[in-house]
Amino acid sequence: ALLEGHTGSVHGALALTDDRILSWSSDKTLRIWNSQSGRCVALLEGHTGSVYGALALADSRILSWSSDKTLRVWNCQSGCCVALLEGHIEPVDNALELDNGCILSWSRLRSSSSSWRGDTALRVWNSQTGACLIVLRGHDFGVDGALELAGDRLLSWSSNKLRLWDLRDGASIALLEGHTDSVEGALALGDGRLLSWSGDRTLRLWDDHSGKCLYVFQGHTSFIRGALEMTDGRLLSWSWDQTLRLWDKQLGAAPTGIKADDFSMFSVRGALVLAEGRLLSWSSDSNLQLWDSDIGACIRILKGHKLSIR
């Protein structure tokens with residue numbers, strides 16, 4: 001089926017639980033489609049700016065956020081807006097649903113920001129009424145990312161620092177300092193400790209309660225794009241330096257450095273873990289590579305894409 005109707009760039013889509021598809025666009029709308037016929041069954045109108053993202057809430061309603069500095073909650077059957085979330089002073093870049101059903105949102109710093117610091121606060125909202133419940137203040141610049149932790153806690157990052165928060169009252173628990181360039185991402189490991197990676201070419205392991213830095217993983221020679229924890233406990237990271245690296249999170253050692261295609265002059269853009277200890281990575285050189293994670297050897301190069309794989 002061909003799904004036609006948006007009049008601007010489609011920024012994203014997701015599958016709903018009832019076999020319908022949700023999409024959102026720079027044309028300021030979201031659309032719900034019948035996945036079998038391709039027919040648009042609901043048009044969600046109300047945003048006055050480009051729709052940057054959306055997600056399906058646990059109760060089947062839809063949450064969206066936009067360059068118009070608002071978030072909206074929608075009834076996915078009627079397409080009606082049932083709650084308007086207003087308070088951000090910059091375009092809303094991302095949001096997530098917390099375990100308690102509330103919504104967390106934040107805005108990044110951008111060159112067009114009305115303030116040189118951007119919107120530095122994260123906001124927690126009641127998803128039923130749209131009321132702002134808590135404003136988390138403490139970052140110096142716009143917020144680049146956040147994730148919910150166990151025990152009503154939150155981790156967020158902005159510029160080269162991370163913060164731990166108590167979601168019950170919005171209090172800042174700890175400031176995680178050490179990176180010397182922008183933090184590009186973070187995750188909670190299986191043992192509860194925190195891992196972050198940065199443009200400063202390092203990854204850092206943190207205590208999830210005190211915020212103390214436990215170890216600095218050094219070895220990459222350029223900006224680190226991402227990282228993940230493997231099922232065997234090792235850590236995998238990838239970088240602009242054309243390599244992936246496997247780390248022992250206990251010792252901090254990098255037992256295996258995986259070099260991308262020797263003929264590639266492009267950064268590794270992403271990776272995922274497959275069955276039987278294999279890894280798949282992709283690059284801006286338009287190729288994918290399969291790896292044996294035990295020895296760091298390339299099993300196969302998958303070619304066919306004409307443009308950069310994102």
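The residues of the chain are indexed from 1 along the displayed sequence. This one's a predicted model, so the numbers in the text were calculated from it and none came from an experiment.
Put simply, the side chain of Leu279 does not reach to within 4.5 Å of the side chain of Trp238, judged on heavy atoms. Taking 4.5 Å as the limit, every side-chain heavy atom of Leu176 sits out of range of all side-chain heavy atoms of Lys212. Within the 4.5 Å cutoff, the side chain of Leu302 has no heavy atoms near those of the Asn287 side chain.
Interatomic distance, CD1 of Ile224 versus CZ of Arg245, reported as 9.0 Å (0.5 Å rounding). For the atom pair Tyr215 OH and Arg193 CZ, the distance stands at 12.0 Å (nearest 0.5 Å). One distance of note links CG of Leu149 with CG of Leu164; it measures 6.5 Å at 0.5 Å rounding. To the nearest 0.5 Å, atom OG of residue Ser182 and atom CD of residue Glu184 are 4.0 Å apart.
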Worked check of side chain to side chain contact (heavy atoms under 4.5 Å, CB included) between Leu195 and Leu203: CA-CA 7 Å; Leu195 180 73; Leu203 301 95; 4.1 Å; yes

Verdict with reasoning, Ser35 to Asp19, per side chain to side chain donor-acceptor pair (under 3.5 Å): CA-CA 6 Å; Ser35 64; Asp19 202 33; 3.2 Å; yes

Working for side chain to side chain contact (heavy atoms under 4.5 Å, CB included), residues Trp197 and Val183: CA-CA 6 Å; Trp197 52 94; Val183 176; over 6 Å; no

Derivation and outcome, side chain to side chain contact (heavy atoms under 4.5 Å, CB included), residues Arg20 and Cys76: CA-CA 10 Å; Arg20 296 184 300 167; Cys76 70; 3.7 Å; yes

Full working for side chain to side chain contact (heavy atoms under 4.5 Å, CB included) between Leu162 and Leu194: CA-CA 11 Å; Leu162 303 95; Leu194 306 172; over 6 Å; no

Worked verdict on Arg201 versus Asp181 for salt bridge (Lys or Arg N to Asp or Glu O under 4.0 Å): CA-CA 9 Å; Arg201 302 175 292 179; Asp181 204 337; over 6 Å; no

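Under a 3.5 Å cut-off, the side chain of Ser105 and the backbone N or O of Ala95 do not form any donor-acceptor pair. At distances below 3.5 Å, not a single donor-acceptor pair connects side-chain atoms of Glu97 with backbone N or O atoms of Cys102. Checking side-chain atoms of Arg61 against main-chain N and O of Val82 turns up no donor-acceptor pair under 3.5 Å. Between the side chain of Arg153 and the main chain of Glu148, no donor-acceptor pair closer than 3.5 Å is present. Put simply, the side chain of Thr120 never gets that close to the backbone of Asp140: no donor and acceptor are under 3.5 Å apart. Checked by atom type and distance alone, the side chain of Ser107 never pairs as donor or acceptor with a backbone atom of Asp119 at under 3.5 Å. A donor-acceptor contact shorter than 3.5 Å links the side chain of Ser127 to the backbone of Gly101. Although no hydrogens or angles enter the test, the distance criterion places a donor-acceptor pair under 3.5 Å between the side chain of Asp93 and the main chain of Arg108. Without hydrogens or angle criteria, Arg72 side chain to Ala83 main chain gives no donor-acceptor distance under 3.5 Å.
With hydrogens and angles left out, the side-chain atoms of Arg163 and Ser172 include a donor and acceptor closer than 3.5 Å. For Glu177 and Asn160, the side-chain atoms include no donor-acceptor pair closer than 3.5 Å.
Closest of all the heavy-atom pairs between Cys40 and Arg31 is SG-NH1, 3.4 Å. The shortest heavy-atom contact between Ser9 and Ser25 is O-OG, 3.0 Å. Contact detail for Thr221 and Asp241: the closest heavy-atom pair is N-OD2, 2.9 Å.
Leu98 forms part of a hydrophobic cluster together with Leu96, Leu104, Trp106, Leu122, Val124, Leu133, Ile134, Leu136, Val143, Leu154, Trp165, Leu167, judged by ILVMFWY side-chain heavy-atom separations under 4.5 Å. Under a 4.5 Å side-chain heavy-atom criterion applied to ILVMFWY residues, the cluster that includes Ile32 comprises Leu14, Leu16, Leu22, Trp24, Leu30, Val41, Leu44, Val51, Ile62, Trp74 as well. Cluster note: Leu84 groups with no other residue, as no ILVMFWY side-chain heavy atom lies under 4.5 Å from it.
The side-chain hydrogen bond (donor to acceptor under 3.5 Å, both in side chains) test applied to Asn94 returns no partner, not counting sequence neighbours. Contacts of Ser281 classified as side chain to side chain contact (heavy atoms under 4.5 Å, CB included), with partners at least two apart in sequence or in another chain: Leu244, Val268, Ala271, Gln289, Trp291. Here His11 pairs with Ser50 under the side-chain hydrogen bond (donor to acceptor under 3.5 Å, both in side chains) rule; sequence neighbours left out.
Annotation: Arg204, atom CZ; neighbour count of heavy atoms from other residues, nucleotides and ligands within 6.0 Å is above 12.
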